[in-house]
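Naming: A, B, ... by sequence-line order, numbering from 1 per chain. Because only heavy atoms are used, hydrogens play no part in the values below, and waters and symmetry mates are left out as well, while side chains stay in.
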Protein chains: 2
Amino acid sequence: MQKGPLHSHIIERFDDMSEQLQQAARHILEHPQEVALVSMRELARNAGVQPSTMTRLAKFLGFPGYEDFRVQHADVIRVNADGFAARAMQRDEAGANDEGLAHRMLQSISGQIARLCEPETLSRLNDLAVRLATARRVYVLGLRSCHSVAWHFHYVMTLLGEKTVHLDGPAGTGGDALIRATADDVLLAVSINPYSRYTLEVAEAAVEKGMSVLAITDSEVSPLVTIAEHAVLFPTESHTFFHTLTPALAISEVLCGLLASHDRKGALKELKRVDSYLSSMNTYSASIPRRKI
Amino acid sequence: MQKGPLHSHIIERFDDMSEQLQQAARHILEHPQEVALVSMRELARNAGVQPSTMTRLAKFLGFPGYEDFRVQHADVIRVNADGFAARAMQRDEAGANDEGLAHRMLQSISGQIARLCEPETLSRLNDLAVRLATARRVYVLGLRSCHSVAWHFHYVMTLLGEKTVHLDGPAGTGGDALIRATADDVLLAVSINPYSRYTLEVAEAAVEKGMSVLAITDSEVSPLVTIAEHAVLFPTESHTFFHTLTPALAISEVLCGLLASHDRKGALKELKRVDSYLSSMNTYSASIPRRKI
DNA sequence: GAAGCAATGCAACAACTGTTTTAAGAATGA
DNA sequence: TCATTCTTAAAACAGTTGTTGCATTGCTTC
């Protein structure tokens, strides 16, 4: 059985408690989750104790009231269920100031990415990677906030060859490249709620051409999932007004990594070619170059 | 992300739900434990839904009322809390196969982002945010692999107003927008090793115009750091052939978050404007739209 | 257009929540 | 023994809960 968050704290002070407090404490030691799962009155009933005793116990343990006592227990459940990363931070820096915001955002993103390690997501990632590897050509589509993810995937893949085509362009011509697509090709679509209408239309058109659709999206009930052959899901929640796309970018990088590792030798060769080309073009510099503009 | 007890049941019936029910259901799919841990009203608040909608959802799913719905979720927590040791084991399987690669990549990225929480980085982030907030206009520059970061920053900022200009364009015209820049403006430059020559040239030009340069880059010895007024550093090492830009994206999102929180009211107002505009344009859809192409 | 309809927001409801107060009881010590 | 302190049960409290009925909205379907 799982220990509660205040296990040792309660034991320490147990001897100083009155009889009723001890009875309440004993019940909580044995059923820590119940604190978060039922009301105080019901917990008191189950412990054979008056409701007020629970309040008194919480105060005895140094809480301002029972409510905060329960929050502590609820947090433990949340953290235990989610995994491991964010244990330390969670509550200790709940300030609304700006530095606190940055801290909370980073912790949260880090935790979200760590949670992508669950077996289900890993296996979905693998499915996607395999399908991408076997496709003749990969059309990549991501609009608005998802553009960065789609484009980055495409960019990295261009370093490995010319297998991908980025569906984007001025004057609404983005989807036109699909004209040459065949059933041997796949569409990799990235979209989050609210789902861009155009993305869905292009995906639907791809399906009608007999192409497979692979989705990187935010929910099991995303419209993309219903028409996709494979899908990987990622969280987008953030402490700000916006969604976060960092987990999505992580996923796209993982896909690139998987694809490269499928064909290590080929990847290395392509990278060398790109390398020598770019250096012949004088694309990069290690220091501030003499001004030319 | 732990699945709820009714995960599949909800997904099955999702398409038959009304808009509000879907919104509620979506939130529950993503936060199943919360059903047991907070009150219905609070859950509804977090889901952005009326309390009655939760009751209706419960009934829609075949429960007599919300209360029984919650009991079901609480039971799952009770059961899961015990089979917790099993989960701890599975996370330490680091083979050299592909699934292992994905696992290692995600763990590593998650750790890199968590490490951005060190005080030095946080204070640098804050410096950058303050400078961005006081600037008249922000020119955003990121080429090649850094395009995704720069563009995403720009995109989010466009939701908050028209303070940013993205330095990018076809036919090498990217830097031209700087023509109208003045000393009241700043340049936000994103670059990693190897540093794109063009980025450095534009940054240098900005300095000569009297602008401040703010850098998001990968090293204390990045050429950008020497000419930047403020800089934030991020790691790029990856288990693959490529650099990771996920930490950089996280940083850019944090900056957006900080800027929005500097002016919460203004941000909210702008977001509402964007919202009503986009919905008037019929940009988004919740389901696969009837084909138009 | 108009009629019908499902979907949604809102306000009122009783029931229940966690807390505080009160007073009776038990234990302690001189 | 009586006075004092500590403990407990019960009741009263304001606030919140889950629920329901009703009015309004927006959308089909004649």
Minimum-distance nucleotide to A/Arg45 side chain [options: C/dG18, C/dT17, C/dC10]: C/dT17
Any donor-acceptor N or O pair under 3.5 Å, side chains A/Ser110, B/Ser110: yes
Gap between atoms CE and P, on A/Met40 and C/dA15 respectively (whole Å): 20 Å
Among D/dA9, C/dG9, D/dT20, the one nearest B/Thr53 by side-chain distance: C/dG9
Candidates D/dA12, C/dC10, D/dT8 - which lies nearest the side chain of A/Glu19: D/dT8
Interatomic distance where CG belongs to B/Asp16 and C1' belongs to C/dA6 [whole Å]: 14 Å
A/Thr246 and B/Glu253: side chain donor to acceptor below 3.5 Å: yes
Under-4.0 Å side-chain N/O to phosphate OP1/OP2 contact, B/Lys59 with D/dT20: yes
Nucleotide C/dA11, atom C1' - distance to CZ of B/Arg41 in whole Å: 10 Å
Carboxylate-amine/guanidinium proximity below 4.0 Å for A/Asp75 and A/Arg78: yes
B/Gln50 CD - C/dC10 C1' separation (whole Å): 7 Å
Throw together a table of side-chain donor-acceptor distances under 3.5 angstrom for residues 43-63 of chain B, partners on residues two or more places apart or in other chains.
from, atom 1, to, atom 2, distance (Å)
B/Asn46, ND2, B/Glu42, O, 3.4
B/Thr53, OG1, B/Gln50, O, 3.4

From C/dT20, D/dA9, D/dT20, nucleotide with atom closest to B/Ser52 side chain: D/dT20
Atom-to-atom span, CG of B/Leu43 to P of D/dG18 - whole angstrom: 9 Å
Base C/dG18 paired with A/Arg56 side chain (donor-acceptor, <3.5 Å): no
Atom-to-atom span, CE of A/Met54 to P of C/dT19 - whole angstrom: 12 Å
B/Gln20, nearest nucleotide to its side chain (from C/dT19, C/dG9, D/dA10): C/dG9
Gap between atoms CZ and P, on B/Phe69 and D/dT17 respectively (whole Å): 17 Å
